[in-house]
Amino acid sequence: MKLKVYADRMSQPCRAVIIFCKVNGIDYEEIKVHISKGQHLTPEFAEINPMKQLPAIADGRFKLFESHAILIYLACAFPGVADHWYPADVFKRSKIHSVLDWHHSNLRRGAAPYVFNTTIAPILGRPLNPQVAAEAEIILSSSLSKLESFWLKGNGRFLLGGNQPSIADLSLVCELMQLEVLDEKDRTRLLGPHKKVQQWIENTRNATSPHFDEVHRVIMLAKERQQHQRLKAAKNEGGSNMKRPLVSRM
Amino acid sequence: MKLKVYADRLSQPVRAVIIFCEVNGIEYEEIKVDLANREHLTPEFSEINPMQQLPAIVHGTFKLFESHAILIYLASSFPGVADHWYPADVYKRSKIHSVLDWHHSNLRRGPITIVQNSILAPVFRRPLNPEAVAEGEKILSAALSKIESFWLDDNRPFLLGENQPSIADLSLVCDIMQVKLVGETDWNRLLGPYKKVQQWIENTRNATNPHFDELHKVLKELKEKLQN
C-alpha cells in the first residue's frame, strides 16, 4: 500500500510535496501527470481528483488533494517526520496555518498568474495576458514586502522566527522558485529589494539538500530554454539590421 | 485572559468565528473594528494584525489572524468543543483541510466580488462595476456546482458526507450568505439550481441557531439601510 503522489514537477505545490517525501524518507511512487499534455484533464485523473488539479495523493483507498492538506496529512500520518515540519505545539501550529492561508490569497495569487502570463503560458499553448500579469505583479510585490517585513521578522532562518523549516517554508519557497523562468531583469526587479527573502530561499534549499535541487531541475531546464529563446530573439533582431544593404557613398 | 475577537459582522469569516464561539460556549469579548470607517487601517489595529484584515484574535499574548487558522485554534484549545467541529481522526481532518483550502481559491472570491462591486460599492467608496459582478457570479456558480456535485454527499446533511457540521460548513456557508445582500431575487437566481446546497445552508443554520440568525441580522439591516 505504497503512497501514490500524482505530480508534474513544473507545478510549485507538487514540488513541495515531493521534496517533503524525500527529505522525510517517506516511501512513495511518483505518478507523472503532464499538464502540458492535458493529462490532468482526463477522465482517469478525474477519478483521483475531480478538481483536475495537482498534486493529489492516494494512500490505500484514501485520496486527498490541495497541497497544504497533503503536507499536513503526511506530517501527521508518517512516522519519523521531525516535529519542526508541523509542530505539535498548538501556538506554533496555528501560526503555520495562518501563513499557509495567507499564501493562498497573497503570494500564490500574485506569483502564479504573474509567471504564467509573462512566460509560461505559451509552453502550454495559451496566450500571454499582460493585464492579468500587471494586476498579479502588484499582489506579488506586496506579498514579497510582507514576507520581508513581517513573516521573516526577527533573527530566525525561516518563517515565523523558526530556526528549522516547516511545511510553510517548503510551500512558499517552491512557489517563489517559479520566478526562475522569468527574464533576469524582471526577477531582479522583483526579488532584488528583499534580502531576507533571498536568504530564506537559500536556507530552505540548504535544509532540504540535495532533494531541493533535484526536484527543481525541471524548472531550471525551463529557465535555460527561456534564456536561450530570449537570446535567439534578441540576436534575430540584431541580425536583420545587419542585412540592410550598405549604401555607396560614391 | 479572555479571548478577544476583533470583528465587523459584515465580514463573512468574522461571522463564522463568532458563531463558532457562541455555539461552543467560548467566552470572548467582541471588539468592533468598523470596516466602512476604515478602522482596520489604523496603526492601532495594525498592531493586532499587520495585514489589516478581519477577523483577528488575541488570547493573552497570542495573536492570530486568518479565519481558518483561528477556527482550528479555537477548536483545539478550548475544552468542550465537540469532536465533529474539527475531528481528531486524521482522515476526516485532512478532508476538512482540503475543502477549506479549496474554498480560498474557489468559493471565497465569488460572493465578495459580487457584493463589493454592487451594493457595497458606495460603502467602500468604489465605483459600481457590472463586469466585475458578472465575473463574481461566474466564480460563485462554478463553486456552487462543485459543492453540489462533489463536496455534498447525496444523503448526508453536511460537507464531506458528515452527519454533523464542521468548521468547514460554518466557513463556507457564512461566505455564501453574503450574497443575501443583493436581494432575494438574485439570491434565488444564483442559488436556485442547487437544491443540495440550499438544504445544506438550512442544515447549517438549524445546527447553529439562534446564533446563526443573530449574526446574520447585520446583512438584513444593512440592505434596508442602503435601499433607503
Side-chain angles (χ1 to χ4, degrees), chain A residues 13 46 49-53 55-57 59-78 86 88-109 112-113 132 142-143 145-151 153 160 167-168 171, chain B residues 13 46-47 49-53 55-57 59-78 86 88-109 112 132 135 142-143 145-151 160 167-168 171:
Chain A
N49 181 5
M51 305 302 172
K52 305 185 192 182
Q53 289 176 317
I57 62 166
D59 196 6
R61 289 176 320 187
F62 179 65
K63 293 182 229 172
L64 192 65
F65 57 87
E66 283 294 340
S67 67
H68 297 171
I70 292 172
L71 288 165
I72 292 173
Y73 170 75
L74 297 178
C76 295
F78 283 82
Y86 186 62
D89 174 78
V90 73
F91 300 106
K92 292 186 179 182
R93 186 174 277 202
S94 298
K95 297 281 182 163
I96 286 174
H97 293 150
S98 185
V99 68
L100 285 173
D101 283 339
W102 173 88
H103 175 36
H104 276 288
S105 332
N106 291 273
L107 183 62
R108 177 138 178 90
R109 197 167 150 226
V132 170
S142 159
S143 301
S145 292
K146 277 290 188 296
L147 276 165
E148 186 81 7
S149 65
F150 178 71
W151 295 113
K153 208 165 50 170
L160 304 163
I167 54 177
S171 174
Chain B
S46 297
E47 286 288 305
N49 179 6
M51 306 302 171
Q52 303 180 317
Q53 288 175 319
I57 62 165
H59 197 199
T61 50
F62 180 64
K63 294 184 218 169
L64 192 65
F65 56 86
E66 284 293 341
S67 66
H68 298 168
I70 291 172
L71 287 164
I72 292 173
Y73 171 75
L74 297 177
S76 306
S77 307
F78 283 82
Y86 186 60
D89 174 80
V90 73
Y91 300 106
K92 291 190 178 189
R93 186 174 278 202
S94 298
K95 297 280 182 168
I96 287 175
H97 293 150
S98 187
V99 68
L100 284 174
D101 282 341
W102 174 87
H103 175 201
H104 274 289
S105 337
N106 291 273
L107 174 64
R108 176 128 181 83
R109 302 222 297 118
I112 229 180
E135 191 56 43
S145 186
K146 273 292 188 298
I147 296 172
E148 183 87 2
S149 65
F150 177 73
W151 294 112
L160 304 164
I167 55 176
S171 176

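Note: hydrogens, waters and symmetry copies are ignored here, and every other heavy atom, side chains too, is used. So that the names make sense, note that chain A is the first sequence line, chain B the second, and so on, each numbered from 1.
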Kindly compute the distance separating [atom1] ([X]) from [atom2] ([Y]), expressed to the nearest 0.5 Å.
| X | Y | atom1 | atom2 | answer |
| --- | --- | --- | --- | --- |
| A:Phe91 | B:Leu64 | CZ | CG | 10.0 Å |
| A:Ile167 | A:Ile70 | CD1 | CD1 | 11.5 Å |
| A:Tyr73 | A:Phe78 | OH | CZ | 5.5 Å |
| B:His103 | A:His104 | NE2 | NE2 | 11.0 Å |
| B:Ser67 | B:Gln53 | OG | CD | 10.0 Å |
| B:Leu107 | B:Ile147 | CG | CD1 | 5.0 Å |

Picking from A:Arg93, A:Met51, A:Lys146, which has the most non-hydrogen pairs under 4.5 angstrom with chain B?
A:Met51

Among A:Ala69, A:Ala77, A:Cys76, A:Ser98, residue most engaged with chain B (heavy-atom pairs, under 4.5 Å)
A:Ser98

Name the region of [X], side chain, backbone, both or neither, that has any atom closer than 4.5 Å to a heavy atom of chain A.
| X | result |
| --- | --- |
| B:Phe62 | side chain |
| B:Phe150 | side chain |
| B:Arg109 | side chain |
| B:Ser105 | side chain |
| B:His68 | both |

Among B:Leu100, B:Ile72, B:Asp101, find the residue that satisfies the side chain to side chain contact (heavy atoms under 4.5 Å, CB included) test when tested with A:Asp101.
B:Asp101

Residue selection (most heavy-atom pairs with chain A, distance under 4.5 Å) from B:His97, B:Met51, B:Lys95, B:Lys146
B:Met51

Per-residue tally against chain A (heavy atom, under 4.5 Å) across B:Ser76, B:Ser94, B:Ser77 peaks at B:Ser94

Counting distance only, does the side-chain N/O of B:Lys92 pair as donor-acceptor with the main-chain N or O of B:Leu160 below 3.5 Å?
no

Contacting moiety of [X], where chain B heavy atoms sit under 4.5 Å:
| X | value |
| --- | --- |
| A:Phe62 | side chain |
| A:Arg108 | neither |
| A:Phe150 | side chain |

